Amino acid sequence: MDLFEVSILLLVVLFGALASGLWVALALVLTALAALMTRPVLPDAQILATSIWSASISWDLTALPMFIWMGEILFRSKLSEDMFAGLAPLMRRLPGRLIHVNVVGCAIFAAVSGSSAATTQTIGKISLPELKQRGYDEKIAVGSLAGAGTLGLLIPPSIILIVYGAAVEESIARLFIAGIVPGIVLGLMFMGYVALAATLKPSLMPPDADVIVTESAFRSFRRILPTILLIAGVIGSIYGGIASPTEAAVIGVVLALVITAAQGALTWPSFRDGLMAATRVSAMIAFILAGAAVVTTAMGFTGLPRELATWIGSLELSPFALLAALTLFFMVLGCFLDGISMVVLTTSVIMPLVTQAGFDLVWFGIYLVIVVEMAQITPPVGFNLFVIQGLTGQNIFKIAAATAPFFGLLALMVVLLALFPDLALFLPRTMFSGG
């Protein structure tokens, strides 16, 4: 079979397996087997075993279950209640008032969960009922939550950055630090839009200033101070070279247990449920990464990535044109797949193109995460849209329409990142350790 026939066969096998409802990891393994069968001289079983074993013993992946567990512990704590009570007095004087709680709350929780869906769910279950009760426009409340929830993928510790780093063998620590500035800039862009919308259309806000029966702003801030200290401890230890991402993840788990215990929310059932949930998610991601490793190896034997890179090179696309094409590609793919699956499915094919174009792999990881964030709020398979649909019961396309301005801001962030790469690369260059 020539390479064109092989590529058609693999696409049919992959999408056929996914459409049948087969697990992503098994669909990847099946695709790899199909690829290896086109080269009958290769020892299929040996290649499968070696690839899966190599993907399973990566030291970088040991941070994954610990960060997931940290997020699960805090997900079951009183963090979301304390977040609203602590942020509301600080935000009520800004244009847009309590809508900013969605954005800032998501940014803070993103730094302890690493998951977009968990961030959206945790902040939304408290903020949406409060905002509705106070008379805020439901469209901007829902849109800001869905958009800001995507920060869970970008602000470290990000689960998807760990997956990307393991897939391309790039420093997890450098990727984490690279996500800080773009995450802050994106959060400020979201807040800027909310303030502008509230200024231009005051009807989006309730007519009277919010009456918040709570402590003073300083005393309220104390509610979120432990979480901020946890974030500073985890990210600061990585940035300063004091701890590796895995060691920082262990510190994060211990601090999360301490915070939850201090709140009185740490019980044996919550501890057990958090541990089991983290185990299930970690096992799922590890299984997908093992399948991706097999596909990467099989693709290498077929020669498809090399030929594709050569063909793209023959088109003589500029780096910006290549980025535009990749952005469209990922946006289409995001209509059907979740973020982690998108990363592991495409890494083996696009990395030769990325390397050939001269893109820094740390920078490209941040670019890729932002594009995946766009996919999180793209119907019909935008995970954040599903989470909010579960919270509100609204039609998913109505939620997507409310999120459209924030999708546009994510697209603008991609452009800014392409024009100013140092947004992602400045901090990693100043690190004390390469991780």
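We're numbering straight along the sequence, starting at 1. In this text the structure is predicted, and so the values were computed from the model without any measurement.
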The complete set of salt bridge (Lys or Arg N to Asp or Glu O under 4.0 Å) pairs with one or both residues in residues 411-422, sequence neighbours excluded, reads D422-R429
When you compare the side chain of L26 with that of F287, does any pair of heavy atoms fall below 4.5 Å? yes
I155 versus I231: any side-chain heavy-atom pair under 4.5 Å? no
Determine, step by step, whether T120 and L145 satisfy the side-chain contact (heavy atoms from CB on, under 4.5 Å) criterion, reporting the C-alpha distance in whole Å, the side-chain angles of both residues, the deciding distance to 0.1 Å, and the verdict. CA-CA 6 Å; T120 306; L145 177 65; 4.0 Å; yes
Going by heavy atoms in the side chains, are L409 and Y193 under 4.5 Å from each other? yes
With a cut-off of 3.5 Å and sequence neighbours excluded, list every side-chain donor-acceptor pair involving residues 83-91.
none

Quick check: closest heavy atoms across P245 and A173, and the distance to 0.1 Å? CG-N, 3.7 Å
Looking at every heavy atom in both A146 and I377, which two are closest together, and how far apart are they? O-CG2, 3.6 Å
Report yes or no: does R76 contribute a side-chain atom to a donor-acceptor pair with the main-chain N or O of E72 at less than 3.5 Å? yes
L255 versus M70: any side-chain heavy-atom pair under 4.5 Å? no
Heavy atoms of A197 and I140 approach each other most closely as CB-CD1, 4.0 Å
Residues in ring-ring contact (aromatic ring centres under 6.0 Å, His included) contact with F67, at least two apart in sequence or another chain: F176
Do Q394 and Q389 come close enough that some side-chain heavy atom pair is under 4.5 Å? no
Write down the atom of V142, the atom of A402, and the distance for their closest heavy-atom approach. CG1-CB, 4.5 Å
Test item: W363 side-chain N/O and L423 main-chain N/O as donor-acceptor pair under 3.5 Å: no
Given side-chain hydrogen bond (donor to acceptor under 3.5 Å, both in side chains), test T430 with Y239 step by step and report yes or no. CA-CA 9 Å; T430 66; Y239 180 75; 2.6 Å; yes
Check whether any side-chain N or O of H100 sits under 3.5 Å from a backbone N or O of G105 as a donor-acceptor pair, and report yes or no. no
Quick check: do L161 and P156 have side-chain heavy atoms less than 4.5 Å from each other? no
Pair L391-K125, side-chain contact (heavy atoms from CB on, under 4.5 Å): steps then yes or no: CA-CA 7 Å; L391 291 171; K125 70 180 180 181; 4.2 Å; yes
How far does CG of L175 sit from CG of L361, to the nearest 0.5 angstrom? 9.0 Å
Would you say the side chain of R97 lies within less than 4.5 Å of the side chain of Y136, judging by non-hydrogen atoms? yes
If you round to the nearest 0.5 Å, how far is CG of L98 from CZ of R134? 5.5 Å
Using the rule given for side-chain contact (heavy atoms from CB on, under 4.5 Å), can you reason through T260 versus L74, listing the C-alpha separation, both sets of side-chain angles and the distance that settles it, and then say yes or no? CA-CA 7 Å; T260 309; L74 293 172; 4.1 Å; yes
Worked verdict on T279 versus W69 for side-chain contact (heavy atoms from CB on, under 4.5 Å): CA-CA 8 Å; T279 301; W69 190 19; over 6 Å; no
Pairwise distance CE(M66) to CD1(I162) - rounded to 0.5 angstrom: 11.5 Å
Which of these passes side-chain contact (heavy atoms from CB on, under 4.5 Å) with I370: V414, L153, T327? V414
Using 0.5 Å steps for rounding, measure from the CG atom of L275 to the OG atom of S270. 11.0 Å
Would you give the length of the straight line joining atom CG of L322 to atom CZ of F329, rounded to the nearest 0.5 angstrom? 11.5 Å
Rounded distance [0.5 Å steps], CD in E130 versus CG in N102: 11.5 Å
Counting C-beta onward and ignoring hydrogens, is there a side-chain heavy-atom pair between Y164 and I366 closer than 4.5 Å? no
Taking every heavy atom of S144 against every heavy atom of V194, the minimum-distance pair comes out as CB-CG2, 4.5 Å
Validation row, ring centre F364 to ring centre Y367 under 6.0 Å: yes
Taking all heavy atoms of M189 and all of M413, pick out the closest pair and write down the distance. SD-SD, 3.9 Å
L425 backbone acceptor or donor facing R174 side chain under 3.5 Å: no
